[in-house]
There are 2 protein chains.
Amino acid sequence: MNQPLSSTEENYLKAIFKLCEQSDKPASTNDVALALNTRAASVTDMLKRLAEKSLINYVKYKGVTLTSSGRTIATSLIRKHRLWEVFLTDKLNFGWEEVHEIAEQLEHIKSNELTNRLEAFLNFPKYDPHGDPIPDSDGNFQYRQQVLLADVPLHTEVIIVGVSEHETPFLQYLEKLNLILGAKLVIQESFEYDQSILVTINQSTTQNISAKVAKNIYVQKI
Amino acid sequence: MNQPLSSTEENYLKAIFKLCEQSDKPASTNDVALALNTRAASVTDMLKRLAEKSLINYVKYKGVTLTSSGRTIATSLIRKHRLWEVFLTDKLNFGWEEVHEIAEQLEHIKSNELTNRLEAFLNFPKYDPHGDPIPDSDGNFQYRQQVLLADVPLHTEVIIVGVSEHETPFLQYLEKLNLILGAKLVIQESFEYDQSILVTINQSTTQNISAKVAKNIYVQKI
DNA sequence: ACGTATTTTTAGGCTAGTCTAAAAATATTA
DNA sequence: TAATATTTTTAGACTAGCCTAAAAATACGT
Ligand SMILES: [Mn+2]
Ligand SMILES: [Mn+2]
Ligand SMILES: [Mn+2]
Ligand SMILES: [Mn+2]
């Protein structure tokens, strides 16, 4: 027992973690299939194997949650993913829209010593380039209190602290609009018609932002 | 066609490259099996598939060599392996005996941009922590003229530039004896009895070195 | 050159992981 | 609550990669 997991098995654990993270309810077979871009039948297959290894709690037709050893592995993957993303942006000067795909590969490198030394080399960062918290070596996250830009009232000054989507086109688009981590925003107007909002960015330019974008940006009041 | 290769396929190409590097003759099925710690039947299987993809020249019963596209992939793997080894020693302070295993994983990360930026970040190193040359992005090696310590005549001053084995115990042993890259050696005596030699290290200590060790250390006259 | 030893390939089977199609269970709606 | 819709599981098949055992090809010694 306790032989190293395949990248595939690791990806299932990570997906289940993320699906259960918010709601705390079990994840459905279909949700997992959707998250991993695979089919429900393949998921059922894998759930049986992961349950066999005591990494998940799986009840037929009732969904899946992680056991504590499953959660340990999942958080370690997220930790590695986010630390590598910091490495790629801070040390190799990649843009925040380029790092996710490479980190998807790097997160599967197996060496705790490597992870810990990388963390030290990066000066123990607490957040990744997208503003997501980096768990410590015990798997504890430092969650930040944050709200969606879409839920912020008018005339409140806020600062961008994160995004809820990591896909390249979205991040490139934000970059273009100067909507990067740390940017200061004030909502000037909200349009009923299409739920878009008018925001002032860094006390200089003023931009119209679609509802879709506003729902994917996390901000903090200052 | 030209879909990305699996790590397994990449490892076969790397092994074939190394087997053909010195001798220039085709590698035998058994040699490949030995190098990859697998069975001859599995090798035959894979050789058929790699030949199908035009990555190797394979003639039944006659052995295998790389095609030029096979060689491109193999050298890219070696390039990545050695650059990561430099990263691990120079930036993360790993010992030269700890890096090989981790680099075996890292060499399969797919991103040319990553490799090239890593190379720049490391200031374009020409040799890895074991003294092996790092090919450039076109796959060209800068070979060094070097001889085995075992073949050096008495009383010649030489400097350690490389090792021909990367296994942890061997490298740890060298470390213990202060036989690290850059150490200056002079052979004082050679013993017929067991082919061991007596060497002065860095003009200070004098050590007896077994024939086995002396055959795995590369040196340069100075 | 011929018989023996070695090397290599073939044959057939195994596991992990994937898929589609069909069956079974659960949820929804009238 | 009974019919229908949705979700999930099962059944069966496929590929990559690996294995052992047997057959075929090649190399070697006398
Ligand atoms: Mn990411
Ligand atoms: Mn991220
Ligand atoms: Mn190495
Ligand atoms: Mn090396």
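Side chains included, hydrogens not; waters and symmetry mates left out as well; all remaining heavy atoms used. Chain identifiers are assigned alphabetically (A, B, ...) following the order of the sequence lines, protein sequences preceding nucleic acid strands; residue numbering begins at 1 within each chain.
Taking atom CG on A/Asp31 and atom C1' on D/dT6, their separation rounds to 13 Å, with Å as the unit. When the P atom of C/dT15 is taken as reference, atom NZ of A/Lys48 falls 16 Å away, rounded to whole Å.
Contact annotation: A/Thr29 side-chain N/O to D/dT9 OP1/OP2 distance is under 4.0 Å. Checking the phosphate oxygens (OP1, OP2) of D/dT6, no side-chain nitrogen or oxygen of A/Asn30 falls inside 4.0 Å.
Heavy-atom minimum distance, B/Leu179 versus B/Trp96: O-CH2, 3.8 Å. When every heavy atom of A/Ile197 is checked against every heavy atom of A/Ala214, the shortest pair comes out as CD1-CB, 4.0 Å.
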Worksheet, complete the sentence: Once base and sugar-phosphate atoms are separated, protein heavy atoms under 4.0 Å mark nucleotides 14-21 of chain D, 5' to 3', with B, S and - as --SSBBB-
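Listed by chain and residue number, B/Phe141 satisfy the ring-ring contact (aromatic ring centres under 6.0 Å, His included) test with B/Phe17 (two or more places apart in sequence, or in another chain). Remark: B/Ala40 pairs with B/Thr29, B/Asn30 by the side-chain contact (heavy atoms from CB on, under 4.5 Å) rule, at least two apart or across chains. Residues meeting the side chain to side chain donor-acceptor pair (under 3.5 Å) test with B/Ser28, sequence neighbours left out: B/Asp31.
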Identify every side-chain donor-acceptor pair in residues 45-66 of chain A under 3.5 Å, counting partners at least two apart or on other chains, and give the distances.
residue: A/Lys53; atom: NZ; partner: A/Glu9; partner atom: OE2; Å: 2.7
residue: A/Asn57; atom: OD1; partner: A/Thr65; partner atom: OG1; Å: 3.1

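Note that CD of B/Glu98 is 8.0 Å distant from OG1 of B/Thr168, once rounded to the nearest 0.5 Å.
For the pair B/Glu104 and B/Lys14, the salt-bridge criterion is met [side-chain N within less than 4.0 Å of a carboxylate O].
The stretch residues 53-62 of chain B touches DNA chain C through B/Tyr58, B/Lys60, B/Tyr61, each having a heavy atom within less than 4.0 Å of the strand.
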